[in-house]
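Take a look at the structure below.
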Amino acid sequence: MKRNDPCWCGSGKKYKKCHLEMDEKIESMKFVGQRGQIRPPHKIINNAADVEGIKRAAVINFGALELAGSLVKEGVDTLTINDAVHEFITSHGAHPSCLGFEGFPKSICISVNDVVCHGIPSRKEILKNGDILNIDITTDLDGYFADASRMFTVGEISLEAQRLIKITRDIMEAGIAAAKPWHFVGDIGAACGKMARANGYSVVTDLGGHGCGKAFHLDPFVSHDCAADSGMLLVPGMSLTVEPMINAGRKQVTVDESDKWTVRTKDGSLSAQWEKTILITETGCEVLAS
Ligand code: MF3
Ligand code: CO
Ligand code: CO
């Protein structure tokens with residue numbers, strides 16, 4: 001790309017006035033090959049208009065999570081929550097990204113107690129006193145994606161469950177605090193893993209976060225327990241999720257044979273997860289979806 005060409009990011013600005021300097025800085029770094037360090041591809045870097053698009057999707061996604069939370073009550077089945085959220089998202093001209101994603105049959109994921117993630121809403125799953133659940137929603141508005149999840153509780157929950165939920169949220173925030181430009185994606189997992197272990201919890205590593213913005217799932221894979229200074233270089237304009245799955249017991253998980261989606265802890269222990277979509281900025285990061 002020549003200095004006076006329009007920049008590859010689609011901003012409409014000349015390359016020399018847009019991403020030339022960043023490209024030169026990335027190119028000048030001599031890390032490739034060590035600790036799996038790699039340079040980010042252009043396709044996962046957002047311009048200002050892309051960021052606005054993700055933020056518009058995030059407004060609807062936030063409303064969807066608020067609505068879902070307001071419906072969590074003893075005696076409610078999880079399909080009722082799914083259907084209300086589906087109606088909310090579609091009535092705002094957007095699409096619930098989970099629906100049809102690799103054949104996923106419902107619009108959102110609801111993962112109760114020992115279910116780690118990808119729980120399928122069902123008429124048969126009726127919330128009961130003491131349950132803890134993760135509701136994970138992704139909204140696609142005009143080709144921009146916002147992905148976030150939160151924990152909710154039903155009635156009176158145990159002290160152990162309360163502690164797991166709180167610490168898992170702290171672990172996500174520690175991961176987000178470690179996300180900085182010109183550092184590496186592995187710093188996020190290093191921060192999460194350290195805090196999880198310090199609290200006696202295990203981190204699921206079979207699944208992780210992902211680039212998210214101009215598509216639902218993009219590079220890089222975001223591990224929540226890995227070496228600092230490893231993996232993809234983070235640069236301004238990248239958007240990705242931080243979504244640690246934390247188990248009270250062991251880290252191993254199994255997928256239900258019956259539906260090929262539901263991921264559970266192998267030992268039956270409780271699991272919690274929180275998720276935000278963040279943007280790497282010039283100085284640190286900014287939350288796009290929560
Ligand atoms: N929203 C989940 C994530 O955080 C992905 C769910 S994919 C589905 O990446 F197919 F299970 F819905
Ligand atoms: Co999600
Ligand atoms: Co995600």
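The model shown is predicted, which means the values in this text are computed figures rather than measured ones. Just so you know, ligand 1 is whichever comes first in the structure, and atom 1 is the first atom listed for that ligand. This chain uses plain numbering: 1 for the first residue, then up along the sequence.
Atoms of ligand 1 lying under 4.0 Å from any heavy atom of Glu243, numbered from 1 in the order shown and given with element: 3 (C), 4 (O), 9 (O). Under a 4.0 Å criterion applied to the non-hydrogen atoms of His210, ligand 1 contributes the atoms 3 (C), 4 (O), 9 (O). Applying the 4.0 Å criterion to heavy atoms of Glu275 picks out, from ligand 1, the atoms 4 (O). For ligand 1 and Cys98, the ligand atoms under 4.0 Å from any heavy atom of the residue are 6 (C), 12 (F).
Looking only at N/O/S atoms, Asp147 comes nearest to the Co ion (ligand 2) through OD1. Residue-level check: among N/O/S atoms of Asp136, OD1 sits closest to the Co ion (ligand 2). Closest N/O/S atom of Glu275 to the Co ion (ligand 2): OE1.
Within the coordination shell of the Co ion (ligand 3), defined by N, O or S atoms under 2.8 Å, His217 is absent. Under 2.8 Å from the Co ion (ligand 2) lies no N/O/S atom of Glu243, from backbone or side chain alike.
Residue His217 places a heavy atom less than 4.0 Å from ligand 1.
Glu275 has no carboxylate O lying under 4.0 Å from a charged side-chain N of Arg150, or vice versa, which leaves the two without a salt bridge. Salt bridge annotation for Asp5-Lys14: absent, with no cationic side-chain nitrogen under 4.0 angstrom from a carboxylate oxygen. Electrostatic pairing of Asp267 and Arg250 does not count as a salt bridge here, judged by no charged N lying under 4.0 Å from a carboxylate O. Note on Asp219 versus Lys43: no salt bridge recorded, every NZ/NE/NH1/NH2 to OD/OE distance being 4.0 Å or above. The pair Lys166-Asp170 meets the salt-bridge criterion, with a side-chain N (NZ, NE, NH1 or NH2) lying under 4.0 Å from an Asp/Glu carboxylate O. With salt bridges taken as basic N to acidic carboxylate O contacts below 4.0 Å, none links Lys180 and Glu282.
Heavy-atom contacts from other residues, nucleotides or ligands closer than 6.0 Å to CD of Glu156 number 12 or fewer.
Checked against Val287 for a side chain to side chain contact (heavy atoms under 4.5 Å, CB included), the options Ile278, Leu279, Val242 give a single hit: Ile278.
At a 3.5 angstrom cut-off on N or O pairs, His118 does not count as close to ligand 1. Between Trp261 and ligand 1, a contact under 3.5 Å exists for no N or O pair.
Counting heavy atoms under 4.0 Å from ligand 1, residue Ser149 does not touch it at all. Neither the backbone nor the side chain of Glu102 comes within 4.0 Å of ligand 1, counting heavy atoms alone.
Residues Ile120 and Ile110 are not in side-chain contact: their nearest non-hydrogen atoms beyond the backbone lie 4.5 Å or more apart.
The minimum heavy-atom distance between Cys9 and Asp50, with the atom names listed, is O-OD2, 4.5 Å.
Among all non-hydrogen protein atoms, the one lying nearest atom 2 (C) of ligand 1 is Asp136 OD2, 3.4 Å. Atom 7 (S) of ligand 1 has its closest protein heavy atom at Phe101 CD2, 3.6 Å.
If you check each of Ile120, Ile108, Thr138, Asp147 against atom 3 (C) of ligand 1, the one with the closest non-hydrogen atom is Asp147.
A parallel orientation is assigned to the rings of His42 and Trp8, their planes being inclined by less than 30° (bins at 30° and 60°).
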